[in-house]
Colleague: 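Sharing a structure here in structure tokens format.
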Amino acid sequence: MAGSAIRARFSEFGANYRWFLLFTMLAGSMATMLAATTINVALPAIIGAFGLGQDQAQWMSTAFLASSTIAMLANAWAMATFGARATYVFGMATFVAGSLLGAVSGTLELLILARALQGLSAGLLQPMSMFLIFQTFPDNQRGTAIGIFSVGVVLAPAFGPALGGVAVDLADWRVVFVSTLPLAILAL
């Protein structure tokens, strides 16, 4: 069932490749899911820093969700056209760029663009993870793989607000954008 690129990786890395792939996908998905929820705690600080209304600040969440949805729809095309690896690398690189842009943004428009870039990444990675799990794990290991992946994806949004709160309380709202970068760089 696996494509030729995945079969080549198996011959290069052996049977443990599937677990390496699973934890790579999990790290990337957790980074994007954390980014989706950490920003919510920082919204009051961002509103105060820029003198925004709640309606203006809400555009950051809207940009993330809208670009994520669009990217999910384009995921199959991107993987078929460029391959899973290139799509993943593009998604993670886009996430890192969006996170860095958010941290240095001086205007609401740049913050919205940063959130849209992060959302684009999240939309590319979420469906890709399940697709690759189904391609790389045999039937008797697939449930374990999905279970491990699901625990990480469920825990990330649960810890996101806490991570965002700590970042805002100890440092600045800008830290919220870069707090998930170590996980994203590990995934990349």
Side-chain angles (χ1 to χ4, degrees), residues 24-79 82 86-130 149 152-188:
T24 301
M25 297 303 293
L26 178 58
S29 293
M30 285 180 67
T32 61
M33 294 301 289
L34 279 168
T37 57
T38 55
I39 193 75
N40 297 334
V41 178
L43 278 179
I46 294 170
I47 288 170
F50 288 96
L52 305 172
Q54 181 68 29
D55 58 329
Q56 293 169 306
Q58 194 60 37
W59 277 103
M60 289 185 293
S61 295
T62 302
F64 185 93
L65 293 172
S67 63
S68 177
T69 302
I70 291 167
M72 281 184 191
L73 296 172
N75 177 276
W77 169 82
M79 285 182 28
F82 304 109
T87 302
Y88 183 82
V89 170
F90 172 79
M92 289 311 303
T94 301
F95 179 78
V96 169
S99 297
L100 292 174
L101 178 63
V104 300
S105 292
T107 65
L108 175 63
E109 291 79 17
L110 284 177
L111 283 172
I112 292 170
L113 177 61
R115 292 295 288 163
L117 290 173
Q118 288 181 325
L120 175 76
S121 171
L124 283 174
L125 297 182
Q126 295 306 318
M128 181 188 304
S129 299
M130 281 298 138
F149 183 80
V153 171
V154 168
L155 288 179
F159 287 117
L163 177 64
V166 169
V168 170
D169 286 347
L170 294 180
D172 186 39
W173 63 265
R174 295 178 186 280
V175 176
V176 169
F177 281 94
V178 294
S179 62
T180 59
L181 279 182
L183 195 54
I185 291 170
L186 175 69
L188 192 56

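Here, residue 1 is the first one in the sequence, and each next residue gets the next number.
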Colleague: Given the rule in the side chain to side chain contact (heavy atoms under 4.5 Å, CB included) test, do V168 and V175 qualify, once you have shown the distances and angles that lead to the verdict?
Modeller: CA-CA 7 Å; V168 170; V175 176; over 6 Å; no
Colleague: Under the ring-ring contact (aromatic ring centres under 6.0 Å, His included) rule, what pairs show up with a residue in residues 165-188, not counting sequence neighbours?
Modeller: F50-W173
Colleague: If you measure from CG on L186 to OG1 on T24, what distance do you get to the nearest 0.5 Å?
Modeller: 7.5 Å
Colleague: So which heavy atom on P127 is nearest to which on L124, and how close?
Modeller: CD-O, 3.9 Å
Colleague: Which atom pair, heavy atoms only, marks the closest approach of G98 to Q118?
Modeller: C-CG, 4.2 Å
Colleague: Output every pair passing ring-ring contact (aromatic ring centres under 6.0 Å, His included) with a member in residues 101-121, not counting sequence neighbours, ordered by first then second residue.
Modeller: none
Colleague: What residues form a side chain to side chain donor-acceptor pair (under 3.5 Å) with T94, not counting sequence neighbours?
Modeller: none
Colleague: Rounded at 0.5 Å granularity, tell me how far CD1 in I112 sits from CZ in F64.
Modeller: 14.5 Å
Colleague: Going by side chain to side chain donor-acceptor pair (under 3.5 Å), name the residues that satisfy it together with S121, two or more places apart in sequence or in a different chain.
Modeller: none
Colleague: Could you tell me if the side chain of W77 sits less than 4.5 Å from the side chain of F82, heavy atoms only?
Modeller: yes
Colleague: Could you tell me the separation between the CG atom of L125 and the CG atom of L120, rounded to the nearest 0.5 Å?
Modeller: 9.0 Å
Colleague: Would you compute the distance between atom CD1 of I46 and atom CZ of R174 and round it to the nearest 0.5 angstrom?
Modeller: 9.0 Å
Colleague: Give the minimum heavy-atom separation between L111 and G102, together with the two atoms involved.
Modeller: CD2-O, 3.6 Å
Colleague: Output the distance between atom OG1 (T180) and atom CD1 (I185), rounded to the nearest 0.5 Å.
Modeller: 9.5 Å
Colleague: Using distance only, find each side-chain donor-acceptor pair of residues 25-45 under 3.5 Å and give its atom names and separation, not counting sequence neighbours.
Modeller:
unit_1, atom_1, unit_2, atom_2, d
S29, OG, M25, O, 3.1
S29, OG, S129, OG, 3.3
T32, OG1, G28, O, 3.4
T32, OG1, S29, O, 3.0
T32, OG1, Q126, NE2, 3.4
T37, OG1, L34, O, 3.4
T38, OG1, L34, O, 3.2

Colleague: Report, one line per pair, each donor and acceptor closer than 3.5 Å where one atom sits in a side chain of residues 53-61; sequence neighbours left out.
Modeller:
unit_1, atom_1, unit_2, atom_2, d
Q56, OE1, G53, N, 2.8

Colleague: Rounded at 0.5 Å granularity, tell me how far CG in L181 sits from OG in S179.
Modeller: 8.0 Å
Colleague: Specify the closest pair of heavy atoms between L110 and G106, including all atoms of both residues, with the distance to one decimal.
Modeller: CD1-N, 4.3 Å
